[in-house]
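Read through the structure below, which is laid out as structure tokens, and then see the notes.
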2 protein chains.
Amino acid sequence: MQRQRMTSSPIEPRSRVNLRRLADEVGVHPSTVSRALDPTKRHLVADDVADRITTAARQLGYRPNPVAASLRTRRSTLVGVLVPDITNPVFSPIISGIAEILGAEGYSTIVADAGTEFGPRMALIDELIARRVDGLVLATVSRDDPMLEHCLAEGVHVVLVNRADDSDRASSVVSDDVAGMRVAVEHLYQLGHRVIGHLAGPSTLSTGHLRRVGFEQAMQDHGLAVPPAAIVEAASYDRDEGERATARLLQAYPGLTAIAAANDLLALGAYKALAARGLRCPADVSVVGHNDMPLVDMVEPPLTTIRIGPRDMGRDAARLLLERMTGSALPIRRIVLAPDLVFRASTAAPRG
Amino acid sequence: MQRQRMTSSPIEPRSRVNLRRLADEVGVHPSTVSRALDPTKRHLVADDVADRITTAARQLGYRPNPVAASLRTRRSTLVGVLVPDITNPVFSPIISGIAEILGAEGYSTIVADAGTEFGPRMALIDELIARRVDGLVLATVSRDDPMLEHCLAEGVHVVLVNRADDSDRASSVVSDDVAGMRVAVEHLYQLGHRVIGHLAGPSTLSTGHLRRVGFEQAMQDHGLAVPPAAIVEAASYDRDEGERATARLLQAYPGLTAIAAANDLLALGAYKALAARGLRCPADVSVVGHNDMPLVDMVEPPLTTIRIGPRDMGRDAARLLLERMTGSALPIRRIVLAPDLVFRASTAAPRG
DNA sequence: CTGAAAGCGCTTACAG
DNA sequence: CTGAAAGCGCTTACAG
């Protein structure tokens, strides 16, 4: 369906006053204008001159061209953010937190949807590097990711968020994944559960790996068994995979009364698998998720989960990056945020 | 919680081979290199020379500096996308669709979270314009938006998506909001509902206005009454406001058996208001949403809604923008996508 | 405190 | 088909 209207829109030249023109107008040298307009250099020029320049700039509607400045200084005040899937609600608040902090410092954020394939990912990174981004935030890395290696080799400032690299080659901001899963299991334990299964995330991702570790630790703390059948690893973080993995888990570990899922999408998949077998949640099987992503309070039953504070993670990641882009040769830092439990209705005491 | 490691990361200079260096290496003039590397100009240079240049470029790892090119050509191959709230799941697929099409043509996308306040919005637009974006996609406009006026005055190419302007001053891609709401009401009518209320969106937005128009038309088609009490307008598209507005609607229009909501968030708010009054959905009151945003199939009851194809809207918006950025003085176009009904479990025949 | 000069890395009329 | 030149709009040593 298309309607048209024959109105053409001639594009007018944008406000064309540049630094030179402004200098001519005020009667000073361009370099003086440049100094007067740079807060860190304004003290180098006489107050009255600086004032005249500022006033004229406003009157003429002068707007500095960041492209030219970027070419000259080799800095772009542009930051790239790579997410694995922009459609995944978990990343929105992360992006939002990053843009908030960076924006306040004059940086613009380019968000790139990396997708899951390796080739396009690398191409995107190269594209961002070609654009001379001053830094990169990666929300995508696996535990041993060649992308990170690549960025480091290119000499770009990198900060990892949500998922971290195993070898501490870059600063990162993550939720305490081990602790988060321990809290989840502890919650189930307190409710009375003893036979608990784990819907693990991909072991190639720090979140999948560490949450599994947290699961094993918490179980061990209580002297509970973790037979191999108690853990099934999902190939990816999505609902369909969660459903399939849960089917396998129920099959292999029939006595279970609760499932600790490595993330919310997986937990939602578990809902489906449970329903398909006529099992009720939480009456027959309790389910706890991870991330507290938007809307999981509205599903049925409202999902008990672990809140990880993605917006704060984004903010901290931005601050870390700012630090590196501004200062010089800083140490690698890891920021680990403490998560908390959100107790809703998908968990309850086991029957009987 | 923070741990540190005392590893410093010296930033290496990135691959420093520029066009001049490459020219020297091959033994030709820089302008020849420039031509050989530009697909649209390659035919101007001898094949063997061009080949030597291409080979050398690859060997030396030459990567053209888009910042320099941008300064020279006054084009940035950068496009800005303004969304009202990046955290709103409806916008993710739109953004994703835009980036997909634009990325294939070598454009990078800057996503800006506009927020709801006027000042910051304008500042963001100015920021993007200062960065010399080649075009802007606005997913934020009200029916008569000064932001659009501003963009037009600045001479930037603009395309509207999801929400359109009343006066056709820019090309746009929207869902057929009138038709979508008619389909929703028709569905309720077929189910047997006769007393239907409308949870309207803000009348300052095209979606709010047109869906309301669609509601009124559909009711009139069937000779059904639409007393003033049958429509309540939400001040914004969010759950809490949906809950409040529904409370008012139930109060003012007690006989109703179904609610047609202007969007899914509002519908989800209606769920809460209904539950608060002990009314069951759909047994007591049917609810239909709009947008089919992620996860509404998982809420309880799974939401019957109108699918608007946001990813396609994004793609089309990108294509429209591409057209304008490339061609010259094109007519204003409106693309209107046909939505469809997704029948799930929040609607059913009225009782009795 | 201010100016003159050089240059960031490209592209594109203009010659030949 | 190729080269030489100019210039996009800034910033920053270098003088004075």
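By convention in this document, chain letters (A, B, ...) are assigned in the order of the sequence lines, proteins followed by strands, and residues within each chain are numbered from 1.
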Between [X] (side chain only) and [Y] (backbone N and O only), is there a donor and an acceptor less than 3.5 Å apart?
| X | Y | result |
| --- | --- | --- |
| S172(B) | L160(B) | no |
| R324(A) | L330(A) | yes |
| D145(B) | S142(B) | yes |
| R52(A) | V26(A) | yes |

Pick base, sugar-phosphate or nothing for S31(B), based on heavy-atom distances below 4.0 Å to the nucleic acid. base

Nearest to the side chain of K41(B) - dC10(D), dT2(C), dT12(C)? dT12(C)

[X] has an atom [atom1]; how far is it from atom [atom2] of [N], in whole Å?
| X | N | atom1 | atom2 | answer |
| --- | --- | --- | --- | --- |
| N18(A) | dT11(D) | CG | P | 12 Å |
| L37(B) | dC10(C) | CG | P | 9 Å |
| D38(A) | dC10(D) | CG | P | 13 Å |
| R42(A) | dT11(D) | CZ | P | 15 Å |
| R35(B) | dC10(C) | CZ | P | 15 Å |

Watson-Crick or G-U stems involving DNA chain D, each at least 3 pairs long, distances under 3.5 Å, ordered by first number: C:1-3 with D:14-16, C:5-12 with D:5-12, C:14-16 with D:1-3

Would a 4.5 Å heavy-atom cut-off, applied to side chains only, mark [X] and [Y] as touching?
| X | Y | result |
| --- | --- | --- |
| D168(B) | R334(B) | yes |
| P84(A) | R163(A) | yes |
| M313(B) | N162(B) | yes |

Which residues in [range] have at least one heavy atom lying under 4.0 Å from any atom of DNA chain C?
| range | result |
| --- | --- |
| residues 65-78 of chain A | L71(A), R72(A), R74(A) |
| residues 20-29 of chain A | V28(A), H29(A) |
| residues 43-53 of chain A | H43(A), L44(A), V45(A), A46(A), V49(A) |

Between Y107(B) and D134(B), is the side chain to side chain contact (heavy atoms under 4.5 Å, CB included) condition met? List the steps. CA-CA 9 Å; Y107(B) 288 83; D134(B) 291 334; 3.6 Å; yes

Considering all heavy atoms, the nearest E323(B)-R333(B) contact: OE2-NH1, 2.7 Å

Can you list the residues that meet the side chain to side chain donor-acceptor pair (under 3.5 Å) rule with R74(A), with sequence neighbours excluded? none

Does a donor on one side chain and an acceptor on the other come within less than 3.5 Å for S70(A) and R75(A)? no

Could you go step by step and tell me if L136(B) and L82(B) meet the side chain to side chain contact (heavy atoms under 4.5 Å, CB included) rule? CA-CA 8 Å; L136(B) 237 28; L82(B) 230 73; 5.8 Å; no

Salt bridge (Lys or Arg N to Asp or Glu O under 4.0 Å): pairs with one or both residues in residues 33-46 of chain A, sequence neighbours excluded: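 Non-adjacent pairs meeting salt bridge (Lys or Arg N to Asp or Glu O under 4.0 Å): D38(A)-K41(A), R42(A)-D51(A).
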
